[in-house]
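Sequence lines set the chain letters: A, B, ... in the order given, protein chains first and strands last, and positions in each chain run from 1.
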There are 2 protein chains.
Amino acid sequence: MLTTSQAAERYRPEPNGINAGETRRLPPSTVLWVLPGQGIYREGERASSLYQVQSGAVRVYRIMRNGHRHILSFYGAGEWFGLQDGDIHDDFAEAICDSQIRSVPRAGGPMPPINLLDIALSSLAIANSRQLIVARQGALERVATFVQEMSARNGGANEFELMMSRTDVADYLGLTVESVARSFTKLRTRHIVQLFGHGQRYVHILDRNRLAALST
Amino acid sequence: MLTTSQAAERYRPEPNGINAGETRRLPPSTVLWVLPGQGIYREGERASSLYQVQSGAVRVYRIMRNGHRHILSFYGAGEWFGLQDGDIHDDFAEAICDSQIRSVPRAGGPMPPINLLDIALSSLAIANSRQLIVARQGALERVATFVQEMSARNGGANEFELMMSRTDVADYLGLTVESVARSFTKLRTRHIVQLFGHGQRYVHILDRNRLAALST
DNA sequence: CGGCTTGTTGATATGTGTCAAGGCTTGTGG
DNA sequence: CCACAAGCCTTGACACATATCAACAAGCCG
């Protein structure tokens with residue numbers, strides 16, 4: 001649970017990245033090249049464009065009043081993000097690795113072939129599912145669900161790289177870094193996954209059944 | 001946290017209520033009268049209509065694989081619900097008190113004056129905000145946020161009736177009934193709210209500032 | 001009245017947060 | 001090439017919040 005001392009580690013978004021003015025000035029369907037940690041849009045900025053990940057990956061998060069960062073979603077190649085209800089962003093979007101982002105101004109109305117309603121409804125479905133996970137599952141179950149999610153994002157591969165740090169995972173799952181590390185360790189010692197490579201960011205799923213059984 | 005024994009108290013949705021066939025047969029803009037606990041739609045049913053609360057209130061929830069019920073949202077007068085990404089409902093909607101529900105078939109496309117995208121985007125914003133609450137706040141903070149939310153739903157009144165049981169509140173906030181009761185008690189002993197009436201379901205907010213300070 | 005439902009309270013268990021320390025990898029500068 | 005510092009990840013000991021289990025009170029309805 002969140003107690004007092006966490007306000008000390010207030011999260012500060014990267015000051016780099018494009019700003020609102022630049023965004024608005026972009027012609028239709030511009031491609032941005034962004035570096036790890038670089039911002040794509042910021043809270044308070046006008047939400048005038050929609051974005052699609054061409055390559056790489058993005059995190060979208062909010063900062064809570066107590067300074068805590070909560071990651072609402074990760075987006076991978078092909079996925080759209082940046083659609084909001086108001087015309088002002090209430091969250092931040094940043095690359096988590098070298099990425100190409102297509103930016104499409106939302107002026108005038110929906111443009112084929114993208115259907116804004118479809119994007120909104122699928123975002124809604126994902127948000128609702130995540131609510132169940134963060135509200136009702138234990139640490140191990142959350143991490144197991146996360147691993148499956150990442151596998152699915154990699155075409156269902158058994159072996160893949162996590163592009164985000166343990167801190168990102170923790171802020172996504174509503175846990176601490178330590179709890180995430182302990183849950184990964186538990187998956188490893190139970191021979192459900194294997195971890196290797198830089199900072200244990202490569203995952204090899206050994207037992208899909210038991211992994212799926214955890215994400216109940 | 002959810003552990004084993006909770007599977008024992010699996011939630012069973014009410015068997016009463018309209019079924020898919022009846023729903024589809026309804027002419028445009030039909031009004032349904034529903035009783036407390038009565039279903040409006042069910043998981044697995046075709047999502048062919050959109051619904052608006054005319055009077056009363058509705059809960060929309062999912063049943064998790066472990067049998068636990070999680071309430072995604074409550075809806076009051078004027079609010080729309082039942083919009084999904086697929087054409088099959090993955091959740092349940094039930095009245096929580098005597099209610100009138102307007103049912104509008106979604107055939108053909110969006111009909112003025114309702115804008116499906118607006119409904120979807122505002123649902124998305126709410127879902128994202130709730131994710132922060134259930135993932136990152138303590139029990140007292142969640143209940144404080146809930147009380148403010150219910151006040152807002154009653155036009156910002158300082159005194160109002162909660163239409164739902166403590167169990168509903170618990171399933172909405174991701175807590176147990178006991179934790180909800182203890183949090184209400186804490187709000188009462190701190191003279192932030194007063195509770196009275198049937199099952200302490202009437203709330204009188206005494207100190208809005210301290211209430212708001214909690215929902216930080 | 002007696003049984004049922006709903007809400008509250010208490011004692012205890014358990015899971016995760018917190019605090020602290022150490023390992024590993026990477027990068028930098030002598 | 002090696003020494004050292006900085007990140008990131010992991011592990012351990014402990015604290016603390018909430019779940020669990022149990023009992024009881026209040027209101028409602030037969």
Original post:
Between atom CG in A:L162 and atom P in D:dC8, what is the gap in whole Å?
Top reply: 15 Å
**OP:** Using atom CD of B:E141 as one end and atom P of C:dG17 as the other, report the distance to the nearest whole Å.
**Re:** 15 Å
Original post:
Do any side-chain nitrogens or oxygens of A:T176 fall under 4.0 Å of OP1 or OP2 in C:dT16?
Top reply: no
**OP:** Let me know the distance between CZ of A:F196 and P of D:dC9, rounded to the nearest Å.
**Re:** 16 Å
Subject >> Rounded interatomic separation in angstrom, taking CG from A:D171 and C1' from C:dG17 >> reply: 14 Å
Original post:
Within the structure shown, what part of the strands sits under 4.0 Å from A:G174 by heavy-atom distance: base, sugar-phosphate, or nothing?
Top reply: sugar-phosphate
Subject >> Rounded interatomic separation in angstrom, taking CD from A:Q137 and P from D:dA19 >> reply: 15 Å
**OP:** Among B:Y61, B:F92, B:Y51, find the one that has a ring pair (Phe, Tyr, Trp, His ring centres under 6.0 Å) with B:Y41.
**Re:** B:Y51
Original post:
Could you state the NZ-P distance from A:K186 to D:dT10, rounded to the nearest angstrom?
Top reply: 14 Å
Original post:
So does A:D91 pair up with A:R69, basic N to acidic O under 4.0 Å?
Top reply: no
Sort me out a list of protein N/O and nucleotides 5-9 of chain C N/O pairs below 3.5 Å, or just none if empty.
{"residue": "C:dG7", "atom": "OP1", "partner": "B:R166", "partner atom": "N", "Å": "3.3"}
{"residue": "C:dG7", "atom": "OP1", "partner": "B:R201", "partner atom": "NE", "Å": "3.0"}
{"residue": "C:dG7", "atom": "OP1", "partner": "B:R201", "partner atom": "NH2", "Å": "3.2"}
{"residue": "C:dG7", "atom": "OP2", "partner": "B:R166", "partner atom": "N", "Å": "3.1"}
{"residue": "C:dT8", "atom": "OP1", "partner": "B:R166", "partner atom": "NH2", "Å": "3.3"}
{"residue": "C:dT8", "atom": "OP2", "partner": "B:R166", "partner atom": "NE", "Å": "2.9"}
{"residue": "C:dT9", "atom": "OP2", "partner": "B:T185", "partner atom": "OG1", "Å": "2.5"}

Subject >> Atom-pair distance (CG on B:L140; C1' on D:dA17), nearest Å >> reply: 12 Å
**OP:** Could you state the atom-to-atom distance from CG of A:L173 to C1' of C:dG17 in whole Å?
**Re:** 15 Å
Subject >> Aromatic plane relationship, B:F74 with B:Y172 - under 30° parallel, 30 to 60° tilted, over 60° perpendicular >> reply: tilted
Original post:
Any idea which heavy atoms bring A:L72 and A:R130 closest together, and the distance?
Top reply: O-NH1, 2.9 Å
Subject >> Side-chain (B:S99) to main-chain (B:V34) donor-acceptor, under 3.5 angstrom >> reply: no
Original post:
Taking atom CG of B:N128 and atom CD1 of B:I133, what is their separation to the nearest 0.5 Å?
Top reply: 11.0 Å
